[in-house]
Each structure stands twice: as structure tokens, then as C-alpha cells.
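All remarks here apply to the structure that follows.
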Amino acid sequence: RHRDLQKEVSHLTEAEDKLDELITKCNLQLRLLTEDSQNKKLGYVKCQDLRKSFDSPDQLVMVIRAPPETQMQVSEPSEGYQVSLKSTRGPIDVFLCPDD
Amino acid sequence: AQECQNLEVERQKRLERIKQKQSQLQELILQQIAFKNLVQRNRQSEQQTNRPPPPNSVIHLPFIIVNTSKKTVIDCSISNDKFEYLFNFDSMFEIHDDIEVLKRMGMACGLEVGKCSPEDLKTARGLVPKALEPYVTEMAQGPINNVYITG
Amino acid sequence: RSRMLVSIGESFGTTNKFQKINQMVNSSDWSSFKRTLDLGSAPKPLKRL
């Protein structure tokens with residue numbers, strides 16, 4: 001039992017190391033992808049994409065574009081929900097996705 | 001017996017961590033596929049129309065969306081420099097990030113729900129490095145749940 | 001008061017970070033409490049012209 005457990009734990013150690021390596025590589029690939037200037041230009045969705053994604057027509061879709069590290073806080077006071085946005089690196093853009 | 005017990009604890013901990021890391025890797029693969037698909041789609045449509053879409057009709061990543069019923073009353077205060085916003089909702093709402101929107105647009109080829117057609121699987125495999133292809137194939141059948149033993 | 005803080009403005013990397021917030025907003029009894037308020041509240045007397 002001891003020998004089997006030792007063997008399994010060493011296999012799991014190898015598998016975890018491999019996962020760590022793949023996750024690191026994936027994060028790097030994603031960062032390179034999103035920082036590429038061409039991809040930055042082509043990395044957009046259209047308003048109708050948003051409308052299609054939130055199917056019910058009675059939905060209002062508000063879009064928030066914020067600089068990195070903007071803090072969003074959602075609190076639950078007794079009368080309703082409060083959402084606050086605080087940026088330290090630039091203005092925040094908020095707009096409603098227009099109807100079709 | 002004591003050593004066996006310690007090894008058993010170690011084994012459980014590693015299995016838990018591997019499970020968590022596999023879902024993290026799965027999410028990263030989905031995001032990579034979704035983003036590449038989005039860029040490809042936009043590139044093709046711009047080539048077809050021979051011009052970029054009007055600036056006020058597109059929303060560049062990164063963004064988040066808040067969707068709520070049109071009946072919801074939203075009270076909004078904005079600081080002059082637009083660095084701070086305060087919203088008060090009088091009804092329920094949902095917040096989603098851009099990746100969630102891309103998934104709903106089908107940009108992740110259905111891998112996020114483990115329903116991927118053979119041609120979508122081919123597309124998805126073509127969008128990731130070789131080392132990740134086995135994971136993509138695995139994801140096409142549902143969430144990854146077996147431990148890839150190296151060697 | 002329960003509150004949740006999340007950093008926005010970056011894409012990718014993290015998994016669905018709004019799941020907990022959406023659960024809080026959509027599951028708490030505040031919304032059902034609000035609904036009963038709306039239903040239960042007596043109709044406001046119309047202002048005399």
C-alpha cells in the first residue's frame with residue numbers, strides 16, 4: 001500500500017508540474033495575443049452581438065469600459081443595490097447598448 | 001501506517017489542486033480560442049466590406065456589461081473627471097465580462113459546454129499550440145476530468 | 001451590509017469573476033422582499049386636484 005501510494009503521489013506530482021507549465025504558457029500566449037496591435041484593433045464586438053447574446057428584448061445592456069485595476073464594488077444595502085466604480089488610471093466609459 | 005496516512009493526505013491535496021488547475025487551464029484555452037476566433041471573424045468581415053465598421057458601432061475589449069430589465073430604475077452619479085461612478089439599482093441585474101459575451105456569441109466553438117461539432121473541433125484545434133490539442137479534444141467531450149500523467 | 005469588490009479593466013486570465021456577485025444580487029431575499037413591498041403597499045391616495 002505504501003509503495004502504491006508513493007508511486008501515485010509521484011505521478012500526480014509530475015501531472016501537476018505539467019499543468020503548471022501549460023498554465024504559464026497559456027497565460028503568456030494570451031498576453032501576447034491581446035497586446036498585439038493588430039489584434040487590439042480587431043478585438044471588438046458589435047452592438048448586435050451583444051443584443052443577440054442577451055436574447056430577451058426587454059433587457060437593457062449597459063457597457064462599461066474601464067482602465068486596468070478599476071475597482072468595482074457591489075454592496076447590498078437595505079434599499080436596493082449599489083454599484084460603485086473607482087478608477088485611478090483614467091476615465092471610465094459607460095454607455096447603453098443601443099437598440100437595433 | 002503513519003507514512004501511508006501522510007501519503008494519503010498528500011494524494012488528496014494534489015488531486016484537489018490538479019482539479020482546480022485543470023479548470024483554470026480549460027478556461028485559458030477557451031479564452032485563447034474565443035479571442036482568436038473573434039479576431040478572425042472581424043478580419044474577414046472587414047476584408048469583405050473593405051473597411052472597418054463605424055467606430056460607434058463597435059465595443060473594443062476589455063469591457064464588462066450589466067444587463068437588467070428595462071423597467072429597472074438606475075440612479076447614476078458621475079464624478080466630473082469620470083473616474084468614479086455610483087449606480088443605484090432598484091431591481092435585479094447581472095454582470096458579465098467580455099469572455100462570457102464571446103462564449104455566448106459562440107466564439108469558443110461550444111467547448112465551454114462540452115458540445116462541439118467535429119468541424120468546430122477541427123477549427124478549435126487549429127487555434128491552439130500542439131501541446132494543448134489533447135486538452136481541446138478532451139474538452140470537446142465535456143470538462144477535463146482525467147489527470148494527464150506525463151511520460 | 002455585505003459587499004463584494006472586484007477589479008475590472010483587464011480581459012482574460014481569470015474565470016468568471018462575477019458569478020458570486022450575480023448570485024448575491026439574484027438570490028438574496030431583498031428582491032423578493034422588494035416584490036412583496038410593491039404588492040403589499042396600499043395604493044397611494046391620489047392627490048386632490
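Every chain is numbered from 1, with letters handed out A, B, ... down the list of sequences.
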>> Main chain of B/L61, side chain of A/Y44: is a donor-acceptor contact present, judged purely on distance under 3.5 Å?
In response: no
>> Taking the side chain as everything from C-beta on, heavy atoms only, tell me whether B/F93 gets closer than 4.5 Å to A/V83.
In response: yes
> What pairs meet the ring pair (Phe, Tyr, Trp, His ring centres under 6.0 Å) rule with one or both residues in residues 11-40 of chain B, with sequence neighbours excluded?
Replying inline: B/F35-C/F12
> How many angstroms lie between atom OG1 of A/T70 and atom OH of B/Y85, to the nearest 0.5 angstrom?
Replying inline: 10.5 Å
>> Please classify the contact of B/L102 with chain A as side chain, backbone, both or neither, using a heavy-atom distance under 4.5 Å.
In response: side chain
>> Are the side chains of B/I65 and A/M62 in contact, using a 4.5 Å heavy-atom criterion?
In response: no
> Hey, are B/R104 and A/D49 close enough for a salt bridge, meaning a charged N less than 4.0 Å from a carboxylate O?
Replying inline: no
>> Between A/E16 and B/K19, does any NZ, NE, NH1 or NH2 come within less than 4.0 Å of an OD or OE carboxylate oxygen?
In response: no
> For A/L42, does its backbone N or O pair with a side-chain atom of B/N42 as donor and acceptor, under 3.5 Å?
Replying inline: yes
>> Run the salt bridge (Lys or Arg N to Asp or Glu O under 4.0 Å) test on B/E8 and A/R1 for me, step by step, so that the C-alpha distance in whole Å, both residues' side-chain angles and the decisive distance to 0.1 Å come before the verdict.
In response: CA-CA 10 Å; B/E8 188 56 53; A/R1 175 108 187 92; 2.8 Å; yes
> Counting heavy-atom pairs under 4.5 Å to chain B, which of A/C47, A/G90, A/C97 comes out on top?
Replying inline: A/G90
> What closest approach, in Å, do A/K40 and B/H60 show between heavy atoms, and which atom pair accounts for it?
Replying inline: O-CD2, 3.2 Å
>> If you compare all heavy atoms of A/C26 against all heavy atoms of B/L132, which two are closest, and at what distance to 0.1 Å?
In response: SG-CD1, 3.5 Å
>> Within this structure, what is the OG-CG distance for the pair A/S84 and B/N88, rounded to the nearest 0.5 Å?
In response: 10.0 Å
> Can you find a pair of side-chain heavy atoms, one from B/R14 and one from A/E8, that are under 4.5 Å apart?
Replying inline: no
> Which bit of B/T68 is near chain A, if near means a heavy-atom gap under 4.5 Å: side chain, backbone, both or neither?
Replying inline: both
> Measuring from B/I64:CD1 to A/I64:CD1, what's the distance to the nearest 0.5 Å?
Replying inline: 4.0 Å
>> Are A/M72 and B/I95 packed together at the side-chain level, in the sense that at least one heavy-atom pair is separated by less than 4.5 angstrom?
In response: yes
>> Quick check for you: among B/K103, B/E46, B/M107, B/K21, which has the greatest number of heavy-atom pairs under 4.5 Å with chain A?
In response: B/K21
> Between A/V94, A/T88, A/I23, A/L96, which shows the greatest number of heavy-atom pairs under 4.5 Å with chain B?
Replying inline: A/I23
>> When you compare the side chain of A/L12 with that of B/L15, does any pair of heavy atoms fall below 4.5 Å?
In response: yes
> Looking at side-chain heavy atoms only, is the closest gap between B/L28 and A/L30 below 4.5 Å?
Replying inline: yes
> Taking the side chain as C-beta and beyond, is there a heavy-atom pair between A/L19 and B/Q20 under 4.5 Å?
Replying inline: no
> Taking all non-hydrogen atoms of both residues, which atom of B/N67 and which atom of A/Q59 are closest, and how far apart?
Replying inline: ND2-OE1, 2.7 Å
>> Strictly by ring pair (Phe, Tyr, Trp, His ring centres under 6.0 Å), give each pair with a member in residues 19-41 of chain A just once, sequence neighbours left out.
In response: none
>> Looking only at heavy atoms and a cut-off of under 4.5 Å, which of B/E84, B/E100, B/H96, B/K71 has the most pairs with chain A?
In response: B/E84
> If you round to the nearest 0.5 Å, how far is CD1 of B/I59 from CZ of A/R65?
Replying inline: 9.0 Å
> Are any of the side-chain heavy atoms of A/L85 and B/F87 separated by less than 4.5 Å?
Replying inline: yes
> In terms of heavy-atom pairs under 4.5 Å, which option from B/P129, B/A131, B/P52 contacts chain A the most?
Replying inline: B/P129
